[in-house]
There are 2 protein chains.
Amino acid sequence: MARPVMKEVRQQELIEATLISVERYGLQHSTINTISAIAGMSSGIISHYFGGKQGLIEATLRYLIDQIKQVLLAKISDKSLSAQDRLFMIVEANFTELQRSNAATKTWLSFWSQAMHDPGLARLQHINNRRLYSNLLYSFKQLLTDVEAVNAAKQTAAIIDGFWLRSALSSTPEADFKQAQTLSKAFINTVITQYGEKKCHH
Amino acid sequence: MARPVMKEVRQQELIEATLISVERYGLQHSTINTISAIAGMSSGIISHYFGGKQGLIEATLRYLIDQIKQVLLAKISDKSLSAQDRLFMIVEANFTELQRSNAATKTWLSFWSQAMHDPGLARLQHINNRRLYSNLLYSFKQLLTDVEAVNAAKQTAAIIDGFWLRSALSSTPEADFKQAQTLSKAFINTVITQYGEKKCHH
DNA sequence: GTTAATTGATTGAACGATCAATTAACTATA
DNA sequence: TATAGTTAATTGATCGTTCAATCAATTAAC
């Protein structure tokens with residue numbers, strides 16, 4: 001078993017076990033024992049591959065963030081989409097099956113609360129927040145003036161995160177996540193239409 | 001010290017000590033010792049007045065939720081405000097000094113992640129989310145059709161929570177919270193104007 | 001003197017990290 | 001091919017720490 005590929009396989013298995021453990025017990029009550037048991041390994045392996053529990057936690061957050069990035073890339077690559085379509089793709093990338101899963105929602109919320117006391121997590125969180133804003137801004141700038149685009153991007157980022165949060169905390173998350181996408185897109189249309197019709201204002 | 005008023009005074013002191021401890025150490029690392037030390041009391045008093053640490057945690061969340069309610073009541077009571085003004089007051093009640101404070105933001109985020117595994121906290125959280133929506137819906141219904149008002153209320157609730165979340169996690173929370181209020185109100189104006197000018201659509 | 005309020009040392013459980021021991025894969029040599 | 005030797009992967013019992021809860025003892029009010 002001296003193959004270097006083992007490392008990445010084991011690490012990914014442990015990340016997936018972490019998501020399952022957080023879904024089942026919450027991050028608070030996820031221990032190196034619950035996680036390694038789900039992965040079918042011993043507890044010592046976590047320190048071996050991630051330096052400790054904290055390293056595994058950060059790696060799991062990195063995985064979730066990276067998934068958003070990959071999904072968006074796949075959706076917009078080698079297609080010639082309109083700016084509006086591109087904005088819709090951004091919404092969809094933030095509401096994929098994975099991001100709506102119980103495991104992911106519980107994990108994100110736990111990470112947010114830890115991020116306020118952990119510079120490592122805070123940095124990842126910050127980068128992720130900026131990217132959503134930047135992606136939105138890029139597309140809005142093709143439709144609106146610069147100032148309008150900045151405000152539209154900030155509002156849209158807020159509405160996406162807000163709908164995601166309220167859906168995750170809802171007692172009927174499935175239905176709410178679905179409507180969240182619809183209303184997020186409707187908002188984007190409102191913004192685009194609104195500024196396109198300035199001449200109609202009283 | 002046999003006066004029944006002691007109980008409420010001590011409880012409030014412990015709730016405020018909890019907020020300070022969560023700000024300083026995070027909920028994770030807030031213990032009955034850090035909290036009671038900040039309050040200048042002994043650790044045993046927490047179990048005595050709240051039944052245990054968990055009871056104090058829930059009481060602190062209740063306090064934060066109640067503050068939003070009280071602030072909004074104070075803002076709209078015995079004034080004859082327009083529906084638009086009322087909507088603005090709802091925004092302001094969610095962005096008061098207390099709610100923007102480091103203690104409150106860290107506490108809210110910690111509670112959210114715990115709420116997904118604690119039915120008691122989940123129930124409080126759910127009631128609070130519903131109230132924001134209901135308050136918004138009431139005012140929007142005076143300006144829009146019922147269907148439009150439902151969508152507007154959902155979007156506005158999401159944008160308020162989303163801006164609050166992104167500001168709390170921002171590296172420059174002070175500036176972001178300030179702009180969050182402005183852009184939340186701007187959004188409300190957009191919605192009202194948008195539906196009021198349907199006749200102008202192409 | 002009675003009752004309520006408060007203390008804080010103690011207890012026991014939980015948990016992360018450690019690391020010596022074990023297993024498995026691969027390599028070199030005959 | 002077989003055997004011994006080397007290295008990497010993995011185990012899990014143990015250790016030290018943290019922390020919530022308990023409750024007998026103490027203090028202070030009336």
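Everything quoted here is computed from the prediction, not taken from an experiment. Numbered from 1 within each chain, the chains take letters A, B, ... in sequence-line order.
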Would you tabulate the pairs of protein nitrogen or oxygen atoms and nucleotide nitrogen or oxygen atoms of nucleotides 19-22 of chain C closer than 3.5 angstrom?
none

- Message: On the nucleotide D:dT10, are OP1 or OP2 found under 4.0 Å from the side-chain N or O atoms that A:Arg10 carries?
- Response: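 Yes, within the criterion.
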- Hey, is the side chain of B:Ser42 poking within less than 4.0 Å of OP1 or OP2 on C:dT7, counting only N and O atoms?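 Yes, B:Ser42 has a side-chain N/O under 4.0 Å of OP1/OP2 on C:dT7.
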- Listed by chain and number, what are the salt bridge (charged side-chain N to carboxylate O under 4.0 Å, His left out) partners of A:Lys75, not counting sequence neighbours?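 So A:Lys75 forms a salt bridge (charged side-chain N to carboxylate O under 4.0 Å, His left out) with A:Glu92.
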Could you tabulate the donor-acceptor pairs under 3.5 Å formed by side-chain atoms of residues 149-161 of chain A, not counting sequence neighbours?
{"unit_1": "A:Lys154", "atom_1": "NZ", "unit_2": "B:Gln179", "atom_2": "OE1", "d": "2.9"}
{"unit_1": "A:Gln155", "atom_1": "NE2", "unit_2": "B:Leu183", "atom_2": "O", "d": "2.9"}
{"unit_1": "A:Thr156", "atom_1": "OG1", "unit_2": "A:Ala152", "atom_2": "O", "d": "2.7"}
{"unit_1": "A:Asp161", "atom_1": "OD2", "unit_2": "B:Arg166", "atom_2": "NH1", "d": "2.6"}

Distance check needed: [N] [atom2] versus [X] [atom1], whole Å only.
{"X": "B:Glu13", "N": "C:dT6", "atom1": "CD", "atom2": "P", "value": "9 Å"}
{"X": "A:Lys7", "N": "D:dT7", "atom1": "NZ", "atom2": "C1'", "value": "16 Å"}
{"X": "B:His48", "N": "D:dC23", "atom1": "NE2", "atom2": "P", "value": "14 Å"}
{"X": "A:Ile45", "N": "C:dT18", "atom1": "CD1", "atom2": "P", "value": "15 Å"}
{"X": "A:Ile46", "N": "C:dG16", "atom1": "CD1", "atom2": "P", "value": "8 Å"}

- Task: Say whether B:Gln12 and B:Glu8, considering side chains only, have a donor N or O and an acceptor N or O under 3.5 Å apart.
- Result: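 On atom types as modelled, these side chains do not qualify, holding no pair under 3.5 Å.
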- Item | Any side-chain donor near an acceptor of the partner, A:Thr96 and A:Gln99, under 3.5 Å | no
- Task: Taking Watson-Crick and G-U wobble pairs with both distances under 3.5 Å, convert DNA chain D into its dot-bracket string, 5' to 3', dots for unpaired and | for cross-strand pairs.
- Result: ||||||||||||||||||||||||||||||
When you compare the protein's N or O atoms with those of nucleotides 18-20 of chain D, which come within less than 3.5 Å of each other, and at what distance?
{"unit_1": "D:dA20", "atom_1": "OP1", "unit_2": "B:Lys53", "atom_2": "NZ", "d": "2.7"}
{"unit_1": "D:dA20", "atom_1": "OP2", "unit_2": "B:Ile32", "atom_2": "N", "d": "3.0"}

- List for me each residue that meets ring-ring contact (aromatic ring centres under 6.0 Å, His included) alongside B:Phe187, sequence neighbours excluded, and say none if there are none. A:Phe187
Do [X] and [Y] make a side-chain contact, defined as non-hydrogen atoms from C-beta onward lying under 4.5 Å apart?
{"X": "B:Arg100", "Y": "B:Thr105", "value": "no"}
{"X": "A:Thr34", "Y": "A:Arg24", "value": "no"}
{"X": "B:Arg131", "Y": "B:Ile68", "value": "no"}
{"X": "B:Leu72", "Y": "B:Met89", "value": "yes"}

- Query: How far apart are the C-alpha atoms of A:Phe111 and A:Leu124, what are their side-chain angles, what is the distance that settles it, and do they pass the side chain to side chain contact (heavy atoms under 4.5 Å, CB included) test?
  - Reply: CA-CA 10 Å; A:Phe111 284 144; A:Leu124 289 175; over 6 Å; no
- Message: Under the criterion side chain to side chain contact (heavy atoms under 4.5 Å, CB included), I'd like the reasoning laid out for B:Glu174 against B:Lys178: C-alpha separation, chi angles, the key distance, then a yes or no.
- Response: CA-CA 6 Å; B:Glu174 215 30 65; B:Lys178 196 176 171 190; 5.9 Å; no
- Query: Contact class for A:Phe50 vs. all strands (heavy atom < 4.0 Å): base, sugar-phosphate, or nothing?
  - Reply: nothing
